[in-house]
K.L.:
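Quick one: structure below, then a few questions.
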Amino acid sequence: MAFGIMVVLLIRFGGLRVLHAIICTLFGFLLAATWLAPQIQQFLTNLPGAGK
């Protein structure tokens with residue numbers, strides 16, 4: 001949810017174009033289907049303030 005809010009703020013105030021956000025989203029879906037997905041999930045879970 002926090003990443004979604006950050007994307008909206010970047011689109012409105014940071015100069016991120018909608019096309020770039022769509023491409024990044026599609027890349028995220030493709031990356032989630034690879035063998036790297038569990039490692040990425042573990043990394044994000046271990047970030048301070050994330051998860052529990």
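Any value given below was found using the heavy atoms of this structure, including those in side chains, with hydrogens, waters and symmetry copies removed. Small disclaimer: the values here were computed from a predicted structure and weren't measured.
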K.L.:
Do you know which of Leu47, Thr45, Asn46, Ile40 makes side chain to side chain contact (heavy atoms under 4.5 Å, CB included) with Phe43?
P.N.:
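Between Phe43 and the candidates, side chain to side chain contact (heavy atoms under 4.5 Å, CB included) is satisfied uniquely by Leu47.
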K.L.:
Is Leu44 reachable from Leu36 through a run of hydrophobic residues whose side-chain heavy atoms are each under 4.5 Å from the next?
P.N.:
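Hydrophobic grouping puts Leu36 with Leu44.
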K.L.:
Which heavy atom of Ala37 sits nearest to which heavy atom of Ala32, and what is that distance?
P.N.:
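Ala37 and Ala32 have their closest heavy atoms at CB-O, 3.3 Å.
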K.L.:
Got a sec, which residues hit side-chain contact (heavy atoms from CB on, under 4.5 Å) with Leu26, two or more places apart in sequence or on another chain?
P.N.:
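Partners of Leu26 by the side-chain contact (heavy atoms from CB on, under 4.5 Å) criterion, ordered by chain and then number, come out as Ile22.
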K.L.:
Should Phe29 and Trp35 be regarded as members of a common hydrophobic cluster, given that ILVMFWY residues are connected when their side-chain heavy atoms come within less than 4.5 Å of each other, either directly or indirectly?
P.N.:
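Different clusters: Phe29 never reaches Trp35 through Ile, Leu, Val, Met, Phe, Trp or Tyr contacts under 4.5 Å.
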K.L.:
Heavy atoms only: give me the nearest Val7-Ala21 pair and the separation to one decimal.
P.N.:
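In terms of heavy atoms, the two residues are closest at CG1-CB, 4.1 Å.
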K.L.:
Leu9 and Leu19: same hydrophobic cluster, using ILVMFWY side-chain contacts below 4.5 Å?
P.N.:
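Hydrophobic grouping puts Leu9 apart from Leu19.
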K.L.:
CG/Leu30 to OG1/Thr25 distance, rounded to the nearest 0.5 angstrom?
P.N.:
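With rounding to 0.5 Å, CG (Leu30) is 11.0 Å from OG1 (Thr25).
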K.L.:
Same cluster or not: Leu10 versus Phe13, using hydrophobic residues (I, L, V, M, F, W, Y) connected whenever any side-chain heavy atoms lie under 4.5 Å apart?
P.N.:
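No; Phe13 is not reachable from Leu10 via cluster members.
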